[in-house]
Number of protein chains: 2
Amino acid sequence: MVHSSDPKALSSGSLAKVTGVSPDTIRHYERIGVLPGASRTESGYRRYPSSAVERVLVVQRALRIGFTLAELAEILKARDAGGAPCRRVYHLAQEKLKGITADIESLKRTERYLKKVLADWEQRTQIAGPGQKSHLLYSLSEAAMKSGAPANQLRRNRRT
Amino acid sequence: MVHSSDPKALSSGSLAKVTGVSPDTIRHYERIGVLPGASRTESGYRRYPSSAVERVLVVQRALRIGFTLAELAEILKARDAGGAPCRRVYHLAQEKLKGITADIESLKRTERYLKKVLADWEQRTQIAGPGQKSHLLYSLSEAAMKSGAPANQLRRNRRT
DNA sequence: ATGAACCCTTGAATGCATTCCAGAGTCAAG
DNA sequence: CTTGACTCTGGAATGCATTCAAGGGTTCAT
């Protein structure tokens with residue numbers, strides 16, 4: 001054993017920089033279990049194998065798709081343990097797609113509605129001069145809001 | 001003053017039921033300032049005027065559009081104080097619309113990408129029999145992900 | 001007057017990825 | 001040998017609407 005440390009090893013900070021996330025995030029990923037525990041230098045510094053770069057990038061991409069860190073941890077741990085969680089991954093991805101499609105529909109409804117409301121308000125504001133009480137908010141009606149979900153917290157906890 | 005209490009007065013629970021939210025939410029709205037402090041019975045029970053029903057409904061509708069409770073509190077307090085915050089409301093609503101439209105675009109990108117990925121995976125899974133490592137997650141590429149935001153937390157803190 | 005069904009308050013938990021904090025050790029260059 | 005740049009840890013904060021919890025009153029019908 002001439003060199004016990006991989007020459008391509010990365011510190012948490014370098015890994016962070018290379019992958020475009022913060023060092024805190026890297027450590028967080030390890031806590032969660034989405035990154036396997038890194039080996040350490042004598043002084044306790046993390047040393048990541050170069051393969052960790054791809055891993056972090058994969059996680060980032062999966063997050064965009066809507067995967068959850070918990071799900072990724074489960075999947076990646078299974079993979080690391082020699083399993084082939086492809087079925088699970090595929091199934092989850094399908095669910096994510098469904099969710100995204102539903103969100104798009106929901107947002108579109110809200111968008112249409114909001115456009116109407118704004119157009120209506122424009123009229124009203126012109127009629128009643130500036131500084132007049134025109135009760136904009138109170139003119140919001142239930143119409144066309146059927147299932148327009150809160151524009152904020154869409155697609156949060158989707159238990160699968 | 002024969003009857004000091006409005007016959008149409010509602011308890012927090014009734015208001016909640018009528019408007020379809022939980023009593024906790026009603027109290028929360030009051031804390032936040034989105035509902036004006038209700039008058040109380042001798043024993044300390046809240047008595048809401050019937051106008052509170054519309055108020056809660058307005059808040060619910062505004063929330064769907066993407067307004068924030070804090071924004072609504074500001075606006076509604078101004079209104080209660082005799083002001084006409086229409087300009088602010090209109091401006092905020094415009095911002096919300098922009099945000100929603102942007103979110104839709106972002107989600108569409110992610111949707112397109114995810115569809116491709118799933119189609120690709122389908123192929124791959126058929127080739128490699130079940131139980132085979134096909135590295136689905138690792139096949140996620142950066143392509144077409146340009147600004148596909150995290151499918152989850154879209155449109156959170158949009159400072160306006 | 002006993003219990004079911006309300007209501008009150010303050011404060012903390014939820015979800016979820018990320019960031020920030022404090023207190024403390026490490027490393028390389030000047 | 002000091003300084004600036006990193007790194008370590010565990011826990012708390014962020015945002016935001018909603019819900020829950022604990023400890024206690026109130027009301028009305030049995």
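Every chain is numbered from 1, with letters handed out A, B, ... down the list of sequences. Only heavy atoms go into these numbers, but all of them, side chains included; no hydrogens, no water, no symmetry mates.
- Of all heavy-atom pairs between I75(A) and F67(A), the closest is CD1-CE2, 4.0 Å.
- Whole-Å rounding puts the R40(B) CZ to dC6(C) C1' distance at 14 Å.
- No donor-acceptor pair under 3.5 Å is formed between the side chain of S106(A) and the backbone N or O of A102(A).
- Using a 4.5 Å heavy-atom threshold, the side chains of V53(A) and Y48(A) count as separate.
- Proximity of R46(B) to the phosphate of dC7(C): no side-chain N or O atom is located under 4.0 Å from OP1 or OP2.
- A distance-only check finds no donor-acceptor pair linking the side chain of S14(A) to the backbone of L10(A) [under 3.5 Å].
- Within residues 26-35 of chain A, the residues having any heavy atom closer than 4.0 Å to DNA chain C are, in order of number, H28(A), Y29(A).
- With salt bridges taken as basic N to acidic carboxylate O contacts below 4.0 Å, one links R88(B) and E74(B).
- When side chains are defined from C-beta on, L140(A) counts as touching Y113(A), because their heavy atoms get closer than 4.5 Å.
- Among dT7(D), dT19(C), dC20(D), the nucleotide with an atom closest to any side-chain atom of D24(A) is dT19(C).
- Atom CG in L15(B) sits roughly 11 Å away from atom P in dC8(C) (whole-Å rounding).
- For the side-chain hydrogen bond (donor to acceptor under 3.5 Å, both in side chains) test with D120(B), the passing option among K116(B), Q123(B), R124(B) is R124(B); the others fail.
- Distances shorter than 4.0 Å separate some side-chain N or O of S22(B) from OP1 or OP2 on dT19(D).
- Side-chain atoms of E71(B) come within 3.5 Å of backbone atoms of T68(B) as a donor-acceptor pair (strictly under, hydrogens ignored).
- For T68(B), whose side chain is taken as the heavy atoms from C-beta onward, the closest listed nucleotide among dC8(C), dC16(D), dA17(C) is dC16(D).
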Return a single string for nucleotides 23-30 of chain D, one symbol per nucleotide in 5' to 3' order, where B is base contact, S is sugar-phosphate-only contact and - is none, cutoff 4.0 angstrom on heavy atoms. --BBS---
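- When the side-chain nitrogen and oxygen atoms of T25(A) are compared with OP1 and OP2 of dA17(C), none of them lie within a distance under 4.0 Å.
- In this structure, T25(A) contributes its side chain and V21(A) its backbone to no donor-acceptor pair below 3.5 Å.
- Here dA17(C) presents its P atom at 12 Å from CZ of F67(A), a figure rounded to the nearest Å.
- Within the helix from dA1(C)-dT30(D) to dG30(C)-dC1(D), the inter-axis angle between the opening and closing five-pair segments is 30°, rounded to 10°.
- OP1 and OP2 of dC6(D) both lie 4.0 Å or more from every side-chain N or O belonging to S11(A).
- Here dC16(C) presents its C1' atom at 18 Å from CD1 of I65(A), a figure rounded to the nearest Å.
- When every heavy atom of V34(A) is checked against every heavy atom of L76(A), the shortest pair comes out as O-CD1, 3.6 Å.
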Worked check of salt bridge (charged side-chain N to carboxylate O under 4.0 Å, His left out) between K108(B) and E111(B): CA-CA 5 Å; K108(B) 275 188 185 168; E111(B) 186 190 37; over 6 Å; no
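- As a whole-Å value, the separation of L72(A) CG from dT18(C) P is 10 Å.
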